[in-house]
**Q** 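My questions will all concern the structure given below.
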Amino acid sequence: MAPMRSWPEDRVAFGGDYNPEQWPRNTWTDDIELMRRAQVSFVTLGVFSWSWLEPAKGEYEFDWLDEIMDRLAEADIAVDLATGTATPPPWFSLAHPQVLPVDHDGHTLWAGSRQAWCPSSPVYREYALALTTQLAQRFHEHPALAMWHVSNEYACHNLPCYCDTCAGAFRVWAERRYGDLERLNDAWGTAFWSQRYTAWEQILPPRRTTSFANPTHQLDYHRFGSDTLLDFFRAEKQVLGTLSPGVPVTTNFMTTTAFRLLDYHQWAPHQDVVSTDHYLLESLPDPRAELSFSADLTRGIAGGRPWLLMEHSTSAVNWQPVNRAKAPGQTLRDSLVHVARGADTLGFFQWRQSLSGSEEFHSALVPHAGPDSARFREVCALGEVAERFGELVGSTVEARVALLWDYQAGWAANGPAMPSQLLDYPLTGRLLHAALRRRGVTSDIVHPSADLAAYDLIVVPTLYLVSDEHAQAISHAAEAGAHVLVTMFSGIADGDDHVRLGGYPGAFRDLLGVRVEEFFPLPEGETVALDAGVAGRGGGEGRIWSEDLYAVDAEVTHRYASGPLRSRPAATRRVVGSGTASYLSTLPDEESLDGLLGDLLEAAGVTPAAVVPPGVEVVRRRSGERSWLFLVNDTDEPQQVAVTGHDLVSDTAVSGSHTLAPGGVAVVREG
Ligand code: GLA
Ligand code: ZN
């Protein structure tokens, strides 16, 4: 047998989840033919195939997979082969009911959907590793094999699990973390409400309690869940590394801001290549801004290297309250935003829209309507563009702004009994990112431990929990010349979620030269007026949050102009070394935020990727001397942009100026 093949790199890899077991053999023949037509270059096989691969304990049926892998090899389509361990078969759940996950209230989550397994279960791990071993032995040299796809969207449905197995595993984890109970008691602050532990067996998962649970206990349960699943991933990866060396291994993350159960910064170093899934969150005021945020976050998690978009949708999903089809042209537009921000692979869920089952109304590359449809024609057009994008594969995204994101800070910030439930962790970051995006400025969304030296502007949104080390790194960056913007509810707590005393924002008090004594979060819909500020722009308003801010050693740039804080500082700036440190104590309206960031960008000398009309998203990818300008028209009007080069989307030369159709996209190789 010929050795496995490499991942397509002569084009932006294009394809998606393929579930041939849902269809008869004659459909397989059509599938391959249609895949060729759409220029599909990869598929992910076997994600939910366990019950087809192992219909009874230890009895493996791989012939069907052989057959489809052979057909795909013949068609030169690369396979991202799943280990199939995302969902066990019914025979397994019946034989091992103790593996079923248990919720907060002690209710068993039964089999019959997917991912019905406890993350701590040694029994599950044993069976999963056995299947992985069998698959790796059988397929490691298959000529279609280009990548291993471990499990699927870890934690999507089975974390946190509160079962007794998890209780035992959590005690082991806690003992490893703290060594002795006194240290744990200290960290969890158990002097409060008579919670002091005197034996390890007293420690439980944070199951439903009478009132608020202990926040550090909850924070640690998040850490434990993420660590436990990472350990499981690594066990599967190890099997693959031994039996199928040389084939890259990944698992599909969910870097949407709606999912935050895993600390992907800790997971990323264990991936041969970072891959993720993204679906538009239609309930947000601006779902496409969130798409861009998520893509920039994925790039940050991938350390700036190109990443794989493993799944997104050609059109509607089926799991939001109302699932509207995408408008004509939107498949292309959404996909290319991911490429603009660093994706080198465009994958979809799924190839052919299902006939039955829980996702029968989820869109696909081949819709229910069949290939003679507008959607499939758009898919084919995208396949063609992906082919032309070969020249930009491996290039990187230009950014001089960093926006910090830390899953652990988010877990703590959204803990129980906080000053306001309206300050959802991603909100501040998303609003600031959106303001930068509106200005044509790309930001890298990175962990506070990232090397900050390359950035001229560093945005620190709601970094509630921060270590001394990370706080210092941010201060050093300012001293070295960066402009730093810290927002409300940052620097409040240390890694144990203990409040830093002496005034908020604790860890950043000295850097910012400010001190806050009390919070005045605003109820839903209530706003507070802001004055025109030193820049003299018309006064705007703040929402969600306000606080009684003292400028101890900082210039006041904006003041509150109404409410109990009237005439008190709302935003400040301080010169630090050769940089500055600014503080923002409320969430200003769009216009005020744009003005504020505009001033900071100007001070930092950061200019947009290109000057574009409002509503046009712009990002640049670069490789050595070559660069590609991505232009995405989010408006309903044609828009003109000054640019010269070759547009890879329309495959036409551009000289001086390019007109983008309403909702249109251009990717111009510059020069
Ligand atoms: C996730 C899963 C897929 C599918 C899609 C639907 O991304 O990995 O199997 O359920 O959601 O949007
Ligand atoms: Zn469990």
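Basis for what follows: all heavy atoms, side chains included, without hydrogens, waters or symmetry-related copies. Just so you know, ligand 1 is whichever comes first in the structure, and atom 1 is the first atom listed for that ligand. Counting from 1, the numbers follow the sequence of the chain as shown.
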**Q** Is D424 salt-bridged to R260, cutoff N-O under 4.0 Å?
**A** yes

**Q** Which is it for N19 and Q22 under the side chain to side chain contact (heavy atoms under 4.5 Å, CB included) test, yes or no, and what are the steps along the way?
**A** CA-CA 6 Å; N19 299 301; Q22 295 176 13; 3.6 Å; yes

**Q** Quick one: side chains of residues 294-302, donor-acceptor pairs under 3.5 Å with protein atoms, not counting sequence neighbours, listed by atom name and distance.
**A**
unit_1, atom_1, unit_2, atom_2, d
S294, OG, T255, O, 3.3
D296, OD1, R299, NH1, 2.8
D296, OD1, R299, NH2, 3.4
D296, OD1, R341, NH1, 3.2
D296, OD2, R341, NH1, 2.8
D296, OD2, H433, NE2, 2.7
T298, OG1, T255, OG1, 2.7
T298, OG1, S294, O, 2.7
R299, NE, D444, OD1, 3.2
R299, NH1, R341, O, 3.0
R299, NH2, S443, O, 3.1
R299, NH2, D444, OD1, 2.7

**Q** Heavy-atom contacts with ligand 1 below 4.0 Å: which residues, ordered by chain and residue number?
**A** F48, R114, N152, E153, D277, Y279, E311, W319, F349, E359, H362

**Q** Quick one: are the ring centres of H312 and F349 less than 6.0 Å apart?
**A**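 Centroid distance H312-F349: not below 6.0 Å, so no.
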
**Q** Counting only protein N/O/S, how many atoms fall short of 2.8 Å from the Zn ion (ligand 2)?
**A** 4

**Q** Answer yes or no: does atom CH2 of W52 have more than 12 heavy-atom neighbours from other residues, nucleotides or ligands under 6.0 Å?
**A** no

**Q** With sequence neighbours excluded, give me every side chain to side chain donor-acceptor pair (under 3.5 Å) pair touching residues 37-46.
**A**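 Every pair satisfying side chain to side chain donor-acceptor pair (under 3.5 Å) with a residue in residues 37-46: T44-D80.
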
**Q** Whether R138 and D66 form a salt bridge (side-chain N of Lys/Arg under 4.0 Å from carboxylate O of Asp/Glu) is what I want to check.
**A** yes

**Q** Carefully, step by step, assess K326 and R333 under the rule side chain to side chain contact (heavy atoms under 4.5 Å, CB included).
**A** CA-CA 10 Å; K326 288 191 180 180; R333 189 157 83 247; over 6 Å; no

**Q** Do T108 side-chain atoms and V102 backbone N/O form a donor-acceptor pair below 3.5 Å?
**A** no

